[in-house]
Structures are given as structure tokens and as C-alpha cells.
Amino acid sequence: MLERLRRRWAQGRPLGSLRSQLLRWLLIPLVMLVLLDAVFVYRNALDAADMAYDRSLLASTRALAERVSIVGGKVVAEVPYVALDSFETDTLGRIYYKVTGINGELVSGYGDLPPVPKNVPRSQNYPALVRFYHADYHGKPIRIAALLQPVYDDSMRGIALIQVAETLDARRGLSNQILFDTLSWQAAMILVMGALVWFAVRLVLRPLMRLKTEVETRTLSDLSDVDPTLVHKEMRPLVSAMNGSMSRLQQLIASQRRFIADASHQLRTPLTVLKTQAELAMRECDRQAGGPPDIAALRDIVRSIAATTDSTVLLANRLLTLARIEHGGDSLAMDTVPLRDVAQQVGLEMAMAAVGRQIDLSLEAPDEAPVHGQALLLHELVANLVDNALRYTPQGGSVILRVRAAQTGNGHEHGAVLEVEDSGKGIPPAERERVFTPFYRVGTALESNPGGAGLGLAIVRDIAALHGARLELATAENGHGLKVSVHFGVAA
């Protein structure tokens, strides 16, 4: 049964009713114990019956032995007719006897009565030289008492053998009666104990039923903790785990609601601007109908539409990236990724944007710096950091992308460090913790880059947390600007 339950659990199959399993685990072993006890009771009953009837059989054997004597040089047995009649008509079972003389001759009784086996030991329960054994006689099982009786007179002396046998009907009847009485009593006990076990299981499972009712009657929006005192002490860890799961579910729902609210708020502005710009373009076309179009004005409007569209696309992509990290990052496969290769790829991708803004983008990566992580997310992390640096660095400035292996005090490598340093205005120390909040932008940065989404550092923070990395913001080495450092652990 244990192996079957283990296989069901491993295969995800339902285990059925807890009440029925408890009843089976309690009642089936109880019935097996009762049957085993019945076997021992029956054997004990047989031993008790044999002991009682052996005593009676020995008394009959002794009574017959007292009538064996030597007369005229022969062993004779004077068995009265009353005794013979009782042997023939005993109500408790048929009785047979046999008297054998000193020289093995038949003196009286049934000559074909089975002899005494050689390996039958003498009974230690009685002082007489008696042996008890079982045999078959005319197809019926019998119990025989064989008594060695000394006989003697002036002319001779020796040992006579007196055998008295009886059928086992009376013994088996007594044993069966003891067994029947025992089984009847134990069956009644099983019924009573079964009822008690059923009521006990029902009483013990009542708190679980109350817990089930409380959970079922809750509304969809009710994710409050379940009171652990509703169930037994052994079930409280399960309730605590369920409360923890509901707490995480609350956090997930709150995060999703906050994300949806922020996304709707942030997308509303660029979409409104885009709609306004499109209306301006249409109005300009209507105003110039019938006359030569003002190409410069239309070009400015279309350029504004393109810029707004780019900003909206950037915002949508970063919102999707943030949602993917927050709600699916744990399921991504991790591997050993050379951080230098990721930085080189991002540098090549951002080179044209840096040239367009007249910014010097350089890469310093003397070490391969392997880290344990997800390549796509690491690429997104580096790309967001470099994009932020390029956006908030004025023309003619510089951005340094640096990758190196971290060193311990004894000179051994211990993880990797990614640094992105720019020559922009930087972030005041008082606001460095707040910039990781989605859609938060520093006032000076907002003025220098009104098209930013405010999600870059939030995405960097979540990716760093997913990889167990430590994120630091500091002032650049030139005294103005920002240096972002990401410290990764040793690659697995």
C-alpha cells in the first residue's frame, strides 16, 4: 500500500479521500491483527483442550492399569462390562483401549490400535510413565495415552503397556467453541472499534472541513491570511505555506496592477501627442489646399511624429521587457556567459548612435569575465546602461564601457564587474535610490532628455537582482557624471 501511494504521488494521480484512507489504514491492520490473534487463540485452545482431555485420558488409563495383574503366570486385564460399555458409548467421543503383556502379547482390547512411535517422549506433566501421541484409526484422528504399568507376582515380573485412545471430536468441539466465542467477541470489538475510529476520524478531520469551507466561501478578491489556529498543530505549516503563497500572489497582483496603471499613464501622453501631431499635419494640409504646400512645415510635423513614434516604441519595448523580467525571469535558463563578448556586441550596436550624438564611446575589457546568467537579459542590462549614458551625456562628451574581473585581497579572481561611466551631469546622491523606481526621472535629466522612458535603470535593477548582482551608483572619476557598477558573483 505504501508503494502504491508513493507511485500515485510520483505520477501526480489523486490519492482519494483522506477519511477512507485513514479508515483503511486503521481497520485493515486491526482485522489482520484479529485474524492473527485468532490463529494463536485457536492453537492455545487446542493446547488447553489437549491438556484437559489428556488428564481425563490418563485417569482412564490408570483406572484400567489398576485391573491388570498376573494370574497363573499370565498377564490378565479384568475390565468390567460397565467400563466396556462406557468405552463403546462415550458421549464425548469414541474410546478404544489395548492391553499388551510383558512379552508384547495382546491381553485385551483392540489389537490393531496404533503402536507407540519410537520418537515420542515421555510426558513431563505427570509422574507416571505415560506418553501421549496422535494417530489415525480407521480413518479417524485419535489421541492415545500409553502407560507403562509394572506387574509382578512370586513367579514373574515385568512391564505391561496400557493404551487408551479417544477420538478428537470432543477436543475439537471444545476448541471450536473457544474459537467461536473468541471470534464473536473480537468481531463485536471490531464493529465497536470501527465505529469509534469512524467517529474519531470524522472528529479529527472537522477542522480541515472548516478550513475547506472558509477557503471555498471566500470572494475572489479576498487573499487575506488563513488563521492557523483553525487546524491542528501538524497542519499549521501547510496553512503557513498557503498564507505565504497568497502573500506572494498579492504581491504579484499588486505589481501587475501597478504596472498596468503606470503603463497606461505613460503611454497616454505620447499617444496623445502623436494624435495631436497627426491632426496638425492634416490641418496644415487642409489649410494649404489649392496652393503650394509648405514642405518645411510638413517636414517638421512629420519629423515630430517620427520622434514621438520612436519614443512610444521605446517605451512599449521597455515595458514589455520589464514585464518579462518581473513575471518570467525565474523560468529562463542560465549558462556561463563571457561578459566581455556581451559588452563588445552592445558597443557595436550603439556605435552609430554615439557617432550621431558626437559622443566618444570606448570599451575597456582586458578580461573575459565569465558570469553565470542569461545572455539575452545580460545584453539588455548592458544596452540599457549604455543607452542611458548616451542619452544623458551632452555632445562632445564621452562614455566608457568597462569590463573586468573582480580581484580579492590575495589576487584571486572573484566574479566580474561591469562599469558604465559617462561625462554627463550625473545624479545627485539624494536621488540615486529613487531613480530605480519605474518612470522616475531626475529633473535635470528630464530637461536634457525629454524623450526618455524612465525605465532603463528599473530594468537594470531587476536583471541584476535576477542574477544576484550588486548595483552601485557613484560619481564618475572626472568629478562630474555618473558611474554605474554591477558586481557579479563567480560563474557557476
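Keep in mind that the numbers below use all heavy atoms, side chains included, and drop hydrogens, waters and symmetry copies. For clarity, every value in this text was computed on a predicted model and none was experimentally measured.
- In terms of heavy atoms, Pro366 sits closest to Arg340 at O-NH1, 3.7 Å.
- Qualifying side chain to side chain contact (heavy atoms under 4.5 Å, CB included) partners for Asp37, counting only residues two or more places apart in sequence or in other chains: Val41, Gln186.
- Between the CE atom of Met350 and the CG atom of Leu401 there is a distance of 10.0 Å, given to the nearest 0.5 Å.
- At least one donor-acceptor pair closer than 3.5 Å links the side chain of Ser184 to the backbone N or O of Phe180.
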Q: Please step through side-chain contact (heavy atoms from CB on, under 4.5 Å) for the pair His379 and Val346, ending with a clear verdict.
A: CA-CA 7 Å; His379 181 277; Val346 174; 3.6 Å; yes
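- Partners of Ser123 under the side chain to side chain contact (heavy atoms under 4.5 Å, CB included) rule, at least two apart in sequence or in another chain, are Asn125, Tyr126, Val130, Phe132.
- Not counting sequence neighbours, the partners of Asp54 by the salt bridge (Lys or Arg N to Asp or Glu O under 4.0 Å) test are Arg143, Arg171.
- Counting only heavy atoms from C-beta outward, the side chains of Phe488 and Val337 never approach each other to under 4.5 Å.
- Not a single side-chain hydrogen bond (donor to acceptor under 3.5 Å, both in side chains) links Asp47 to another residue, sequence neighbours left out.
- Residues Leu57 and Ile144 have side chains not in contact (no heavy-atom distance under 4.5 Å, counting atoms from C-beta outward).
- Judged as a side-chain hydrogen bond (donor to acceptor under 3.5 Å, both in side chains), and not counting sequence neighbours, Gln344 has no contacts.
- Across every non-hydrogen atom of Val403 and Ala369, the tightest pair is CG1-CB, 3.6 Å.
- Between the CG atom of Asn384 and the CZ atom of Arg461 there is a distance of 12.5 Å, given to the nearest 0.5 Å.
- Separation of atoms OG1 (Thr336) and CD (Glu368) is listed at 10.0 Å; rounding is to 0.5 Å.
- Of all heavy-atom pairs spanning Asp136 and Pro141, the tightest one is OD1-CA, 3.4 Å.
- In this structure, Asp367 contributes its side chain and Ala405 its backbone to a donor-acceptor pair below 3.5 Å.
- Glu419 and Ser485 make their closest contact through CG-OG, 3.6 Å (heavy atoms, listed as atom of the first residue, atom of the second, distance).
- Other residues, nucleotides and ligands contribute more than 12 heavy atoms inside 6.0 Å of the CZ atom of Arg236.
- Within 6.0 Å of CE on Met193 lie no more than 12 heavy atoms contributed by other residues, nucleotides or ligands.
- The two residues Leu482 and Ala474 have their closest heavy-atom pair at CD1-O, 3.4 Å.
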What donor-acceptor contacts under 3.5 angstrom involve side-chain atoms of residues 196-210, with partners at least two apart or in another chain?
none

Q: Tell me, with the steps shown, if Leu385 and Val486 meet side-chain contact (heavy atoms from CB on, under 4.5 Å).
A: CA-CA 10 Å; Leu385 288 177; Val486 185; 4.1 Å; yes
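- Here the CG atom belonging to Asn176 is positioned 10.5 Å from the CG atom belonging to Asp181, to the nearest 0.5 angstrom.
- Although no hydrogens or angles enter the test, the distance criterion places no donor-acceptor pair under 3.5 Å between the side chain of Asp387 and the main chain of Ala383.
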Under 3.5 Å, which donor-acceptor pairs link side chains of residues 463-473 to any protein atom two or more places apart or in another chain?
from, atom 1, to, atom 2, distance (Å)
His467, ND1, Ile463, O, 2.8
His467, NE2, Gln374, N, 3.0
Arg470, NH1, Glu472, OE2, 2.1

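- Judged by distance alone, the side chains of Gln345 and Asp341 never bring a donor and an acceptor atom under 3.5 Å apart.
- Residues that satisfy the side-chain hydrogen bond (donor to acceptor under 3.5 Å, both in side chains) test with Thr475, not counting sequence neighbours, are Arg432.
- Under the salt bridge (Lys or Arg N to Asp or Glu O under 4.0 Å) criterion, the residue pairs touching residues 346-365 are Glu364-Arg402, with sequence neighbours excluded.
- Rounding to the nearest 0.5 Å places CD1 of Ile359 at 7.5 Å from OG of Ser423.
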Q: Begin with the C-alpha distance, continue with both residues' side-chain angles, and end with the deciding distance and a verdict on side-chain contact (heavy atoms from CB on, under 4.5 Å) for Asn243 and Met246.
A: CA-CA 5 Å; Asn243 289 337; Met246 287 194 292; 3.5 Å; yes
Q: Let me see the working for Val460 and Asn388 under side-chain contact (heavy atoms from CB on, under 4.5 Å), right down to the final yes or no.
A: CA-CA 11 Å; Val460 170; Asn388 272 3; over 6 Å; no
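- The OG1 atom of Thr393 lies 4.0 Å from the CG atom of Asp422; values are rounded to the nearest 0.5 Å.
- Among residues two or more places apart in sequence or in another chain, the side chain to side chain contact (heavy atoms under 4.5 Å, CB included) test is passed with Pro117 by Asn119, Val120, Tyr133.
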